[in-house]
Amino acid sequence: MNLFRLFGDLSHLASILILLHKIQTTRSCRGISFKTQALYVTVFVARYLDLFYDWVSLYNFSMKVFFISSSIYILYLMKVRFRPTHDPSIDTFRAEYLVGPCVVLALIFNYKFTFPEVLWSFSIFLESVAILPQLFMLQRTGEAETITTHYLAALGAYRALYIPNWIYRYFSEGVVDPIAVIAGLVQTALYVDFFYVYFTKVLQGQKFELPA
């Protein structure tokens with residue numbers, strides 16, 4: 001593991017901790033897309049089924065368990081504990097329009113036509129677009145709490161940091177993963193508008209508001 005991947009993983013970890021902190025301290029799920037969180041649970045479960053048969057390291061095992069369990073816990077908070085604070089009327093993105101094409105892509109583009117490999121490809125494709133319901137909510141409301149924008153920034157930084165990781169691995173190990181690279185570039189591109197507003201407003205102490 002190189003520093004780019006390590007910082008990417010830590011940024012991903014930080015994004016979940018920020019989101020949990022936001023929900024617990026405000027006792028509210030306002031501004032958070034349940035559909036995006038459900039898609040991330042799907043991503044983690046599909047990708048980390050190898051927990052049951054492939055040991056890599058304690059670090060790898062711990063991170064996988066954390067991502068699955070924390071994401072399921074977030075769904076519990078949104079659907080049960082703080083359900084009245086979530087407004088489904090603005091969380092209206094049709095998630096099935098993301099899942100269906102990702103299933104088809106995984107069946108076509110994979111490194112080996114086996115159940116675990118197809119699931120892995122599916123999780124990579126789905127992760128690249130899982131943030132769309134959340135970004136759609138931002139577009140509908142036009143604003144977000146500062147702590148919510150920090151969560152999204154950390155989540156976006158996680159994938160952006162994987163780009164130099166892939167470059168490093170290509171030059172140092174001769175390794176390239178076309179599926180992960182293409183999906184990662186798509187995922188990073190989806191954050192461009194968000195990051196522009198984040199850097200020009202939130203980090204300058206202003207409220208996050210999208211241009212009218």
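F194 and F208 have their aromatic ring centers within a separation under 6.0 angstrom.
Put simply, I23 and L75 are part of the same group of oily side chains (I, L, V, M, F, W, Y) that touch within less than 4.5 Å, one to the next. Hydrophobic clustering of Ile, Leu, Val, Met, Phe, Trp and Tyr side chains at less than 4.5 Å, counting indirect connections, keeps Y191 apart from V186.
For Y168, the OH atom counts as loosely surrounded, since its 6.0 Å shell holds 12 or fewer non-hydrogen atoms of other residues, nucleotides or ligands.
Not one N or O on the side chain of E127 forms a donor-acceptor pair closer than 3.5 Å with the backbone of L39. At distances below 3.5 Å, not a single donor-acceptor pair connects side-chain atoms of N60 with backbone N or O atoms of S57. Listed for the K35 side chain is a donor-acceptor partner under 3.5 Å among the backbone atoms of F93. Remark: the backbone N or O of S33 is not paired with any side-chain donor or acceptor of T36 at under 3.5 angstrom. When atom types are taken as modelled, the side chain of S121 and the backbone of E117 share a donor-acceptor pair closer than 3.5 angstrom. Although no hydrogens or angles enter the test, the distance criterion places a donor-acceptor pair under 3.5 Å between the side chain of S69 and the main chain of F66.
Side-chain contact, D9 with Y162: a donor N or O sits under 3.5 Å from an acceptor N or O. Neither side chain, S128 nor R159, offers a donor N or O lying under 3.5 Å from an acceptor on the other.
Using a 30° and 60° split on the angle between ring planes, F44 and F67 fall in the parallel class, below 30°.
In this structure, OH on Y198 lies 11.0 Å from CD on Q204, to the nearest 0.5 angstrom.
Applying the ring-ring contact (aromatic ring centres under 6.0 Å, His included) test between H12 and each of Y40, F7, Y158 identifies Y158 as the sole match.
Membership of the apolar cluster around F109 extends to V104, L105, I108, Y111, W120, I124, F125, I179, as traced through chained side-chain contacts below 4.5 Å between ILVMFWY residues.
In this structure the side chain of I90 never reaches within 4.5 angstrom of the side chain of F136, judged on heavy atoms.
Under the 4.0 Å criterion applied to side-chain N and carboxylate O atoms, D50 and K64 are assigned as salt-bridge partners.
Cation-pi geometry between K22 and Y151 is not satisfied (NZ or CZ under 6.0 Å from the ring centre, within 45° of the ring normal).
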